[in-house]
Asker: 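My structure is below; once you've seen it, I'll send some questions.
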Amino acid sequence: QVQLVESGGGLVQAGGSLRLSCQAPGRSFNLYVMGWFRQAPGKEREFVAAINWSGGSTYYSDSAKGRFTISRDNAKNTMSLEMNALKPEDTAVYYCAADAESSIGTMIHRREHDYWGQGTQVTVSS
């Protein structure tokens, strides 16, 4: 079931930036590990970035490292992904996910998550 809501996707030129947001209406995810995943057409869903419950620990895929920044605001029950220097290969549907009683390391390797969103399309033109 979908419990998270993503927003902020769109069309951008290579080298541009986008900021994705993930909200959890009606539910507190303050103690959850949260992360971003993406799926391009014809490809498997892949991990992008994750953040622990406090925001004090983050982890990125090699493709996201140095260009993307994950953050969260527990007071507002939101999580964000700032994406800079976007490339055409970043084109995908981006999903946010949340896991209870988990860790970043576990989230990265799980195929299913406790909660996830419907996805938001990011298209990067060359």
Side-chain angles (χ1 to χ4, degrees):
Q1 66 273 12
V2 176
Q3 301 282 345
L4 304 173
V5 179
E6 303 97 337
S7 62
L11 173 64
V12 64
Q13 289 188 332
S17 299
L18 281 175
R19 184 180 179 89
L20 304 183
S21 293
C22 174
Q23 293 186 307
R27 178 182 291 273
S28 173
F29 285 88
N30 291 355
L31 298 181
Y32 286 57
V33 174
M34 299 190 74
W36 290 95
F37 296 78
R38 68 186 184 186
Q39 187 166 20
K43 294 188 176 181
E44 294 277 325
R45 183 179 298 182
E46 65 174 357
F47 166 76
V48 177
I51 188 166
N52 75 335
W53 71 272
S54 70
S57 181
T58 59
Y59 190 79
Y60 299 90
S61 66
D62 287 342
S63 61
K65 202 173 299 180
R67 299 187 299 128
F68 295 1
T69 302
I70 189 172
S71 61
R72 67 190 297 165
D73 184 340
N74 286 340
K76 296 181 179 178
N77 224 23
T78 62
M79 176 182 65
S80 298
L81 183 70
E82 182 76 31
M83 305 187 294
N84 298 314
L86 282 162
K87 305 174 182 179
E89 50 263 45
D90 294 318
T91 295
V93 177
Y94 284 70
Y95 300 87
C96 63
D99 289 332
E101 300 179 352
S102 186
S103 66
I104 289 177
T106 299
M107 165 169 264
I108 290 172
H109 297 103
R110 287 182 68 176
R111 293 193 60 83
E112 297 296 331
H113 301 283
D114 295 341
Y115 301 94
W116 66 91
Q118 80 290 349
T120 185
Q121 176 70 46
V122 171
T123 302
V124 184
S125 63
S126 57

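Please read these numbers as outputs of a predicted model, since none were measured by experiment.
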Asker: Only pairs at least two apart or in different chains count here, so list each disulfide bond (SG atoms under 2.5 Å apart) that has a residue in residues 27-63.
Answerer: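 For residues 27-63, and leaving out neighbouring residues, there are no disulfide bond (SG atoms under 2.5 Å apart) pairs at all.
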
Asker: Please round to the nearest 0.5 Å and tell me the distance separating atom OG of Ser80 and atom CH2 of Trp36.
Answerer: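 CH2 of Trp36 is found 7.5 Å from OG of Ser80.
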
Asker: Taking atom OG of Ser126 and atom CD of Gln13, what is their separation to the nearest 0.5 Å?
Answerer: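 Taking OG in Ser126 and CD in Gln13, the distance rounds to 9.5 Å.
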
Asker: Regarding Arg45 and the six-membered ring of Tyr95, is the cationic atom NZ or CZ under 6.0 Å from the ring centre and inside 45° of its axis?
Answerer: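 Yes, cation above the ring, under 6.0 Å and within 45°.
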
Asker: Can you measure from OG1 (Thr78) to CE (Met34) and round to the nearest 0.5 angstrom?
Answerer: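 One gets 8.5 Å once the value is rounded to the nearest 0.5 Å.
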
Asker: Counting heavy atoms not belonging to Tyr60, are there more than 12 under 6.0 Å from its OH?
Answerer: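 Counting other residues, nucleotides and ligands, OH of Tyr60 exceeds 12 neighbours.
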
Asker: Under a 4.0 Å threshold between the charged nitrogen and the carboxylate oxygen, would Lys43 count as salt-bridged to Glu89?
Answerer: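 Answer for the salt bridge query: no.
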
Asker: Verify the cluster assignment for Tyr115 and Ile70: are they in a single hydrophobic cluster under the rule of side-chain heavy atoms below 4.5 Å apart?
Answerer: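 Same cluster: Tyr115 reaches Ile70 through Ile, Leu, Val, Met, Phe, Trp or Tyr contacts under 4.5 Å.
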
Asker: Which pairs pass salt bridge (Lys or Arg N to Asp or Glu O under 4.0 Å) with one or both residues in residues 4-30, sequence neighbours excluded?
Answerer: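 For residues 4-30: Arg19-Glu82.
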
Asker: Between Val124 and Val122, is a side chain to side chain contact (heavy atoms under 4.5 Å, CB included) present by the stated rule, with each step listed?
Answerer: CA-CA 7 Å; Val124 184; Val122 171; 4.2 Å; yes

Asker: How far does CD1 of Ile51 sit from OG1 of Thr69, to the nearest 0.5 angstrom?
Answerer: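 Interatomic distance, Ile51 CD1 to Thr69 OG1, rounded to 0.5 Å: 10.0 Å.
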
Asker: Donor-acceptor pair, Arg72 side chain versus Asn74 backbone, under 3.5 Å?
Answerer: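 The answer is no, because no donor-acceptor pair under 3.5 Å joins these two groups.
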
Asker: Side chains of Ser57 and Ile104: closer than 4.5 Å at any heavy-atom pair?
Answerer: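 Ser57 reaches Ile104 side chain to side chain.
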
Asker: Should Leu81 and Val12 be regarded as members of a common hydrophobic cluster, given that ILVMFWY residues are connected when their side-chain heavy atoms come within less than 4.5 Å of each other, either directly or indirectly?
Answerer: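 Yes, it is one cluster - the side chains of Leu81 and Val12 are joined through contacts under 4.5 Å.
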
Asker: Before we go on, tell me: are the rings of Phe37 and His113 under 6.0 Å apart, centre to centre?
Answerer: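 Here the rings of His113 and Phe37 have centres that are less than 6.0 Å from each other.
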
Asker: Any sub-3.5 Å donor-acceptor pair from Asn77's side-chain atoms to Ala24's backbone N or O?
Answerer: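 Yes; at least one donor-acceptor contact below 3.5 Å.
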
Asker: Indicate if Phe47 and Leu20 have the same hydrophobic cluster label, given that clusters are the connected sets of ILVMFWY residues with side-chain heavy-atom separations under 4.5 angstrom.
Answerer: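 Cluster IDs for Phe47 and Leu20 differ.
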
Asker: Measuring only between side-chain heavy atoms, which start at C-beta, is Met79 closer than 4.5 Å to Cys96?
Answerer: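 Result yes, sub-4.5 Å side-chain heavy-atom pair found.
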
Asker: Starting at CD of Gln23, measure out to CG of Asp73 and round the result to the nearest 0.5 Å.
Answerer: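 Between atom CD of Gln23 and atom CG of Asp73 there are 10.5 Å.
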
Asker: Determine whether a donor-acceptor pair (N or O, by modelled atom type, separation under 3.5 Å) exists between the side chain of Thr91 and the backbone of Pro88.
Answerer: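 Confirmed, Thr91 side chain pairs with Pro88 backbone.
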
Asker: Does one hydrophobic cluster hold both Trp53 and Val33, with members joined at side-chain heavy-atom distances below 4.5 Å?
Answerer: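 Shared cluster, no.
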
Asker: To the closest 0.5 Å, what do you measure between CZ (Arg38) and CE (Met83)?
Answerer: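 It comes to 8.5 Å.
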
Asker: Any side-chain heavy atom of Leu86 sitting closer than 4.5 Å to one from Phe68?
Answerer: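 Counting from C-beta outward, Leu86 and Phe68 do come under 4.5 Å.
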
Asker: Could you go through Ser17 and Asn84, starting from their C-alpha distance and side-chain angles, then the distance that decides it, and tell me whether this counts as side-chain hydrogen bond (donor to acceptor under 3.5 Å, both in side chains)?
Answerer: CA-CA 4 Å; Ser17 299; Asn84 298 314; 2.8 Å; yes

Asker: I'd like to know if the side chain of Asp99 reaches the main chain of Ser102, judged simply by a donor and an acceptor atom lying under 3.5 Å from each other, with no hydrogens or angles considered.
Answerer: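 A pair under 3.5 Å: no.
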
Asker: Under the criterion side chain to side chain contact (heavy atoms under 4.5 Å, CB included), I'd like the reasoning laid out for Leu4 against Gln118: C-alpha separation, chi angles, the key distance, then a yes or no.
Answerer: CA-CA 7 Å; Leu4 304 173; Gln118 80 290 349; over 6 Å; no

Asker: With the threshold set at 4.0 Å, does a side-chain nitrogen-carboxylate oxygen contact exist between Lys65 and Asp62?
Answerer: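 Looking at Lys65 and Asp62, the cut-off is met.
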
Asker: With hydrophobic residues grouped by side-chain heavy-atom distances under 4.5 Å, do Tyr59 and Met107 end up in a single group?
Answerer: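 Cluster IDs for Tyr59 and Met107 match.
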
